[in-house]
A.B. asks: 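Got a structure for you, written out below as structure tokens; questions coming shortly.
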Amino acid sequence: MNSRRFSLLMVLLLVPICILWAQDQTLLELNTNRLQLNKTNMYVLGAWAVGNIAVSGVLRSRTTGSTRYFHEMNVFWNVVNLGLAAGGLYGTYTTDPAMLSLWESYQAQQKLEKILLFNLALNFSYMTAGGFLIERAKNTSNRPERLKGYGQSLLLQGGFLLLFDTAQYLLHHNQAQPKLEHLLSHVQVGPQGIGLHWVF
């Protein structure tokens, strides 16, 4: 075999390998970025929760009336937030980004975005419930200070989570969408099965 044919053969063998390696690197980057961003977001949520528990835990015993109940609900609410942040962090530390296939990566991204969109709707519900409790407190003689304090807390916590989940969704979506589109644009479904299509 002369050197020209050998060179051509090497190119034909190496190009598919390089393409597959580039695809794997893009997929690894996609998964690594998603997990890292999620990790950062869970630390932010955890810090918000710990801050609320610490500050409102102290102020609850030093205040009275609706302000006391405001701090009480802040503590209750953020015990849950802290648990969610811990669970989210556990998931990011125990997931190996290199072990996810293209389909698994796509599913993970879609699941995360759907959860965040669902959370956005929940956050509006929390804020609506908070407004309702504040209004209800004006027209009841049955512990109105508790209704008002809990309502104010729901407005604060729902408002924070609305901003937090909106930022999370936009960051995750904008970071992943170009990479997913690039990877999926090379997947073709035909009568013989699924394959990769690369144009040179």
Side-chain angles (χ1 to χ4, degrees), residues 30-97 105 107-177:
L30 170 74
N31 290 317
T32 301
N33 288 347
R34 184 184 64 255
L35 290 170
Q36 184 57 51
L37 182 54
N38 206 38
K39 188 181 299 181
T40 301
N41 290 335
M42 291 304 99
Y43 276 122
V44 170
L45 181 62
W48 170 264
V50 169
N52 270 266
I53 292 169
V55 172
S56 285
V58 170
L59 293 178
R60 180 186 176 277
S61 61
R62 298 182 181 179
T63 53
T64 58
S66 63
T67 305
R68 178 179 184 273
Y69 288 107
F70 168 78
H71 291 299
E72 182 175 273
M73 178 57 82
N74 284 346
V75 172
F76 294 157
W77 193 271
N78 283 285
V79 167
V80 175
N81 278 345
L82 189 58
L84 292 173
L89 281 172
Y90 176 78
T92 62
Y93 279 108
T94 56
T95 301
D96 183 356
S105 303
Q107 284 186 309
Q109 184 66 33
Q110 292 301 303
K111 180 181 177 183
L112 176 61
E113 290 187 14
K114 285 177 183 176
I115 288 171
L116 291 172
L117 289 174
F118 178 73
N119 284 349
L120 289 176
L122 279 181
N123 298 334
F124 279 112
S125 299
Y126 301 148
M127 295 176 72
T128 301
F132 172 78
L133 290 178
I134 291 170
E135 285 302 309
R136 183 83 175 93
K138 297 175 183 176
N139 302 309
T140 185
S141 57
N142 184 19
R143 304 183 78 176
E145 66 279 0
R146 182 171 66 174
L147 293 177
K148 181 180 178 183
Y150 282 4
Q152 289 171 332
S153 177
L154 283 175
L155 282 177
L156 173 67
Q157 301 302 328
F160 166 76
L161 290 174
L162 179 64
L163 294 174
F164 177 72
D165 288 332
T166 300
Q168 272 200 95
Y169 176 82
L170 293 173
L171 288 169
H172 277 290
H173 182 78
N174 292 336
Q175 178 175 268
Q177 193 65 23

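No experiment lies behind these values; they were computed from the predicted model shown.
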A.B. asks: Looking only at the side chains, is there a donor atom on one of N74 and S153 sitting less than 3.5 Å from an acceptor on the other?
C.D. replies: yes
A.B. asks: If we ignore hydrogens and angles and just use 3.5 Å, is the side chain of T166 paired with the main-chain N or O of L162 as donor and acceptor?
C.D. replies: yes
A.B. asks: To the nearest 0.5 angstrom, please state how far the CD atom of E145 sits from the CZ atom of R68.
C.D. replies: 9.5 Å
A.B. asks: Please examine the side chains of F70 and T63, heavy atoms only from C-beta on, and report whether any two atoms are closer than 4.5 Å.
C.D. replies: no
A.B. asks: Rounded to the nearest 0.5 Å, how far apart are CE of M73 and CG of L154?
C.D. replies: 5.5 Å
A.B. asks: Within a strict 4.5 Å, meaning less than it, do heavy atoms of the I134 and Q152 side chains meet?
C.D. replies: yes
A.B. asks: Side chains of N78 and N81: donor-acceptor distance under 3.5 Å anywhere?
C.D. replies: yes
A.B. asks: Do V75 and N52 have side chains that get closer than 4.5 Å, going by heavy atoms?
C.D. replies: no
A.B. asks: Can you classify the ring geometry of W48 versus F160 as parallel (below 30°), tilted (30 to 60°) or perpendicular (above 60°)?
C.D. replies: parallel
A.B. asks: Quick one, V80 with L84, criterion side chain to side chain contact (heavy atoms under 4.5 Å, CB included). Give me CA distance, side-chain angles, the key distance, then yes/no.
C.D. replies: CA-CA 6 Å; V80 175; L84 292 173; 4.2 Å; yes
A.B. asks: Would you compute the distance between atom OG1 of T67 and atom NZ of K148 and round it to the nearest 0.5 angstrom?
C.D. replies: 7.5 Å
A.B. asks: If you take all heavy atoms of N31 and P97, which pair is closest and at what distance?
C.D. replies: ND2-O, 3.4 Å
A.B. asks: Is it the case that the side chain of T140 and the backbone of A137 share a donor-acceptor pair, with hydrogens and angles ignored and the cut-off at 3.5 Å?
C.D. replies: no
A.B. asks: Under the salt bridge (charged side-chain N to carboxylate O under 4.0 Å, His left out) test, which residues partner K138, sequence neighbours left out?
C.D. replies: E135
A.B. asks: Classify the side-chain pair D165/Q168 by whether it contains a donor and acceptor separated by less than 3.5 Å.
C.D. replies: yes
A.B. asks: Find the distance between CD (Q110) and CD (Q107) and round it off to the nearest 0.5 Å.
C.D. replies: 9.5 Å
A.B. asks: How long is the span from the CG atom in L89 to the CG atom in L45, to the nearest 0.5 Å?
C.D. replies: 9.0 Å
A.B. asks: I'd like to know whether L112 forms a side chain to side chain contact (heavy atoms under 4.5 Å, CB included) with R34, so could you lay out the CA-CA distance, the side-chain angles of the two residues, the decisive distance to 0.1 Å, and finally the verdict.
C.D. replies: CA-CA 10 Å; L112 176 61; R34 184 184 64 255; 4.0 Å; yes
A.B. asks: Is it true that the side chains of Q109 and H172 contain a donor and an acceptor less than 3.5 Å apart?
C.D. replies: no
A.B. asks: Passes side chain to side chain contact (heavy atoms under 4.5 Å, CB included), L117 versus K114? Steps please.
C.D. replies: CA-CA 5 Å; L117 289 174; K114 285 177 183 176; 5.7 Å; no
A.B. asks: Kindly say whether R60 contributes a backbone atom to a donor-acceptor pair with the side chain of E72 at under 3.5 angstrom?
C.D. replies: no
A.B. asks: Which pairs count as ring-ring contact (aromatic ring centres under 6.0 Å, His included) when at least one residue sits in residues 107-159, sequence neighbours excluded?
C.D. replies: Y69-Y150, W77-Y126
A.B. asks: Got a second to check how far N142's CG is from L147's CG, nearest 0.5 Å?
C.D. replies: 7.5 Å
A.B. asks: Can a donor-acceptor pair be found, under 3.5 Å and without considering hydrogens, that links the side chain of T95 to the backbone of G91?
C.D. replies: yes
A.B. asks: Could you walk me through whether F76 and Q157 satisfy the side chain to side chain contact (heavy atoms under 4.5 Å, CB included) test, starting with their C-alpha distance in whole Å, then the side-chain angles of each, then the deciding distance to 0.1 Å, before giving a yes or no?
C.D. replies: CA-CA 11 Å; F76 294 157; Q157 301 302 328; over 6 Å; no
A.B. asks: Any side-chain heavy-atom pair from N123 and L163 closer than 4.5 angstrom?
C.D. replies: no
A.B. asks: Any sub-3.5 Å donor-acceptor pair from N174's side-chain atoms to L170's backbone N or O?
C.D. replies: yes
